[in-house]
Every structure is written in C-alpha cells, then in structure tokens.
Amino acid sequence: MTNKKKRFSLTNQIFFALIAGALTGVILNIVSAGQHIGFINNWLISGLFEIVGKMFISAIRMLVVPLVLTSLICGAAGINDIKKLGRVGGKTLIFYLSTTAIAVTIALIVSYIIDPGIGFQTEIQVAEKIETPVLSIAQTIYSIVPVNPFAAFSEGNMLQVIFFALVFGFSMAALGEKVQNVRTLIEQLNEIVMKMIMVVMATAPFGVFALVANVFAKEGFSAFVPLMKYIICVTVALLIQFSVTYGLALKIFARLSLITFIKKFYSTMLVAFSTASSNATLPVTMETAEKEMGVSNKIASFTLPLGATVNMDGTAIMQGCAVVFISQVYGIDLSLTALLTVVLTATIASIGTAGVPSVGLITLSMVLTQAGLPVEGIALIMGIDRILDMMRTAVNISGDTVVTLIVAKSEGELDESVFNQ
Ligand code: ASP
C-alpha cells in the first residue's frame, strides 16, 4: 500500500513537473526575447536545465543495454521453446506492422481534411542540405547478427543485442542444471537493474522539468504560428491513433480497457514525452508493463525492446502529415499510387527509425523521395519538430505496449488481476 502510494505520488510529481516546466520555459522565452539576458540564457537554459536534463536522459540510457540483455536472456531461457518464440515473434511483427500502416492512413486522411500546406506563406528557403543515410534492406537484415557482441553493447545496437541475448538464453536453457549458477547470476543482475530503474525514476520530476523547460524556452511561440495547421494535423492524427486504434485493438484482441491502460501508463508516456526517445524510455516502459500491468517477463523482455526499435506509429503519422504538407506547399499533386507508396515506405521507414530524438525527420527523406517530393521540404518543418517529436514518441511507446498486452494475453502470459488492480 505504501509502495503504491509512493508510486502514485511520483506519477503526480512527474505530471506537475511537466506542466511547471512548460510554463517556466514559455515565460523564460518571453522574458529573454529580443534582448540578450545572459543570465537566463547561459546559466539557466543552456546551463542548469541542460545539465539536469542531459544527466537524467543519460541515467536512463545507461540502463538500456544491461536491462535488455539480462531481462531478455531470462525471458528467452524461460520461453525455452523455439516454436513458441516463432509464434510470439510472428504475432508481434504482424501487429506492429499493421498498426503502423493504419497510423499512416489516418495521418493521410486527417491531412487531406485539414490541408495543412494550403495558404502556407513561405519564400521557400532551400535551407540546410539534409544528409540522407541510405538504408539498404539487405544490410539491415544481415546486420542483425553481431560480429562482435561487445561492439553491439557499446553502440547500443538494439537488434544485435536482442539477437545475442536470444541465442544466449536458449543455449543457457538447453544446458539446464549445469549452468544454474550463471542463470541465478543473470536473474539477480536483472533484479539489480530493475532496482536501479526505480532509483533513477525517483529523480524523474527534476529531469522532466528541466527537459521540458529547456525545449519551451528555446522554441517559443512565434515559430509555431505559420505551421499551426500542420501541428494540428499531427496532433489530431496522434490522438485518433491512440484513442481509436489502440482503444479498439485493446478491446477486441485483449478485452482490456483503454482507460485502465491510460491510468497505468500515463507517467511512462510523460517520460517519453520529455526525453523524445523510445530507447531512453525503454527501461521505464518495461518496468511498467511487467510490474504495473502484469505482462510476464518472457513476453515483455522480447516485444518491448523490439518495439522500441522497429515500431514507430507516431513517427509514421508525422511522416504521413509531412508528405501532404510538403506536397501542398510545393504545389505537387499526389496520385493514389504515390499515396499507397507513402503508406508502404512510412511503415518501412518506421522500422529503420532508431528510437532516439529527431531520427523520424531523417527517415522522412526516404518517404519523400519515394513519393517524388523534394527532400528540402524537411527544412520547413525542422524548426518545430522537437515538440512533435515529444508527442509522437509518447504514441510510439504506447503502440509497443498495446501490442505487448495483446500478445501476452493471447499467450496466457498476462496477469489480469495486476492490470486491473
Ligand atoms: N523520437 C522518436 C522515438 O524515439 C523517433 C522519431 O520519430 O524521431 O521514438
């Protein structure tokens, strides 16, 4: 009970920190506008807020690889049945891909209703050239197998870490009693990492405050006005994806309530919002899914790291809206085939988007090229992308968790009494 109370109050603290951070940021932005108030800019915004925010993000990121590694090794050893893993993997991927395709479709429909690019004033400044890394599909597939697992750990290459942990876990399970000590050791390491997450989360209100205040102080309001319709487009599509797609998916495939989901998950969404990184939020997402929602470690340790890496519904939504926006600004009409290509490429781009801030903007270049639109259009939305990045990251991790709940339920790996508590 005390534990629950503590947890509840931490959730509220994070929420208030977010609101206070946003207000402080906006006020500082107004106060320091036009004049160079050195103290505010140097000591507060680029000083204290930057330090506290960066330290908080680093502290959670520090736990990502140890957590995925220990947790997934335990999970794989627990599944201990390659057929079951295949089934879980198959279901997870189908749900991940279809929810992303639905997300882009919603984005396109909403965009054609709002018409974000019509009436947008610009002397199209072909600003910075965007570097576009070429993602070859073959390369993405074969590089899942790490040549050097330690390099994979140090780079935080999630797919490679997942691959190594699965093979390790299965091998450990196959050896049984003989390696019981190692198994106990890894289980205990996993406990310790989980504890570390709780320790880091105790500082979350400060971290969230600093991160949000920093963004709002730097962005201000003026940059948003001409892009208001585009921002509304993305926001509305994100809301529809969250409430309708996820609400229905939870109801139909798992008979779970969206309201309970929101109650359990909103503080994790706030962490995603302030860090703008699915990867950085991963330890918190996993802890919430297992401890608060009753998903077994076997499922959560596999589906959530995978989701944080390949499933980005929110990002796909931004890309759908951006395509329509940029096509309208440049006066290029998109054919139905071009729109279908957008659905396909945005779904694939979501797989290639790493769960770190702003990457969605880079993979957007792939979608624009496929749709025959100028990549330079990205420069138009770059300035305000951070806020949208924060919102879409919250949706990205919600999508991962909704699919995790559905898969866990279908495998009998969900403790509903915990979920409904
Ligand atoms: N920031 C997003 C995430 O981490 C990715 C993106 O859309 O840029 O989920």
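Indexing begins at 1, ligand by ligand and atom by atom, following the structure's order.
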*Asks:* Name each N or O atom in ligand 1 that is under 3.5 Å from a protein N or O, and give the partner atom and the distance.
*Replies:*
{"unit_1": "ligand 1", "atom_1": "1 (N)", "unit_2": "Ala276", "atom_2": "O", "d": "2.9"}
{"unit_1": "ligand 1", "atom_1": "1 (N)", "unit_2": "Val356", "atom_2": "O", "d": "3.2"}
{"unit_1": "ligand 1", "atom_1": "1 (N)", "unit_2": "Asp389", "atom_2": "OD1", "d": "2.7"}
{"unit_1": "ligand 1", "atom_1": "1 (N)", "unit_2": "Thr393", "atom_2": "OG1", "d": "3.1"}
{"unit_1": "ligand 1", "atom_1": "4 (O)", "unit_2": "Ser278", "atom_2": "N", "d": "2.8"}
{"unit_1": "ligand 1", "atom_1": "4 (O)", "unit_2": "Ser278", "atom_2": "OG", "d": "3.3"}
{"unit_1": "ligand 1", "atom_1": "4 (O)", "unit_2": "Gly355", "atom_2": "O", "d": "3.2"}
{"unit_1": "ligand 1", "atom_1": "4 (O)", "unit_2": "Val356", "atom_2": "N", "d": "3.3"}
{"unit_1": "ligand 1", "atom_1": "7 (O)", "unit_2": "Thr315", "atom_2": "OG1", "d": "2.6"}
{"unit_1": "ligand 1", "atom_1": "7 (O)", "unit_2": "Arg392", "atom_2": "NE", "d": "2.6"}
{"unit_1": "ligand 1", "atom_1": "7 (O)", "unit_2": "Arg392", "atom_2": "NH2", "d": "3.4"}
{"unit_1": "ligand 1", "atom_1": "8 (O)", "unit_2": "Ser358", "atom_2": "N", "d": "3.4"}
{"unit_1": "ligand 1", "atom_1": "8 (O)", "unit_2": "Val359", "atom_2": "N", "d": "3.1"}
{"unit_1": "ligand 1", "atom_1": "8 (O)", "unit_2": "Gly360", "atom_2": "N", "d": "2.7"}
{"unit_1": "ligand 1", "atom_1": "8 (O)", "unit_2": "Asp389", "atom_2": "OD1", "d": "3.4"}
{"unit_1": "ligand 1", "atom_1": "8 (O)", "unit_2": "Arg392", "atom_2": "NH2", "d": "3.2"}
{"unit_1": "ligand 1", "atom_1": "9 (O)", "unit_2": "Ser278", "atom_2": "OG", "d": "2.4"}
{"unit_1": "ligand 1", "atom_1": "9 (O)", "unit_2": "Asn396", "atom_2": "ND2", "d": "2.8"}

*Asks:* Can you list, pair by pair, the side-chain donor-acceptor contacts under 3.5 Å of residues 208-215, counting residues two or more places apart and other chains?
*Replies:*
{"unit_1": "Asn214", "atom_1": "OD1", "unit_2": "Lys218", "atom_2": "NZ", "d": "3.3"}
{"unit_1": "Asn214", "atom_1": "ND2", "unit_2": "Glu50", "atom_2": "OE1", "d": "3.4"}

*Asks:* How far does CD of Gln319 sit from OG1 of Thr345, to the nearest 0.5 angstrom?
*Replies:* 8.0 Å

*Asks:* Name all residues meeting the side chain to side chain donor-acceptor pair (under 3.5 Å) criterion together with Asp415; count only those two or more places apart in sequence or in a different chain, and write none if there are none.
*Replies:* Ser417

*Asks:* Could you report the tightest heavy-atom contact between Val200 and Ala59, atom names first, then the distance?
*Replies:* CG1-CB, 3.8 Å

*Asks:* Listed by chain and number, what are the salt bridge (charged side-chain N to carboxylate O under 4.0 Å, His left out) partners of Glu416, not counting sequence neighbours?
*Replies:* Lys409

*Asks:* Any sub-3.5 Å donor-acceptor pair from Ser277's side-chain atoms to Gly355's backbone N or O?
*Replies:* yes

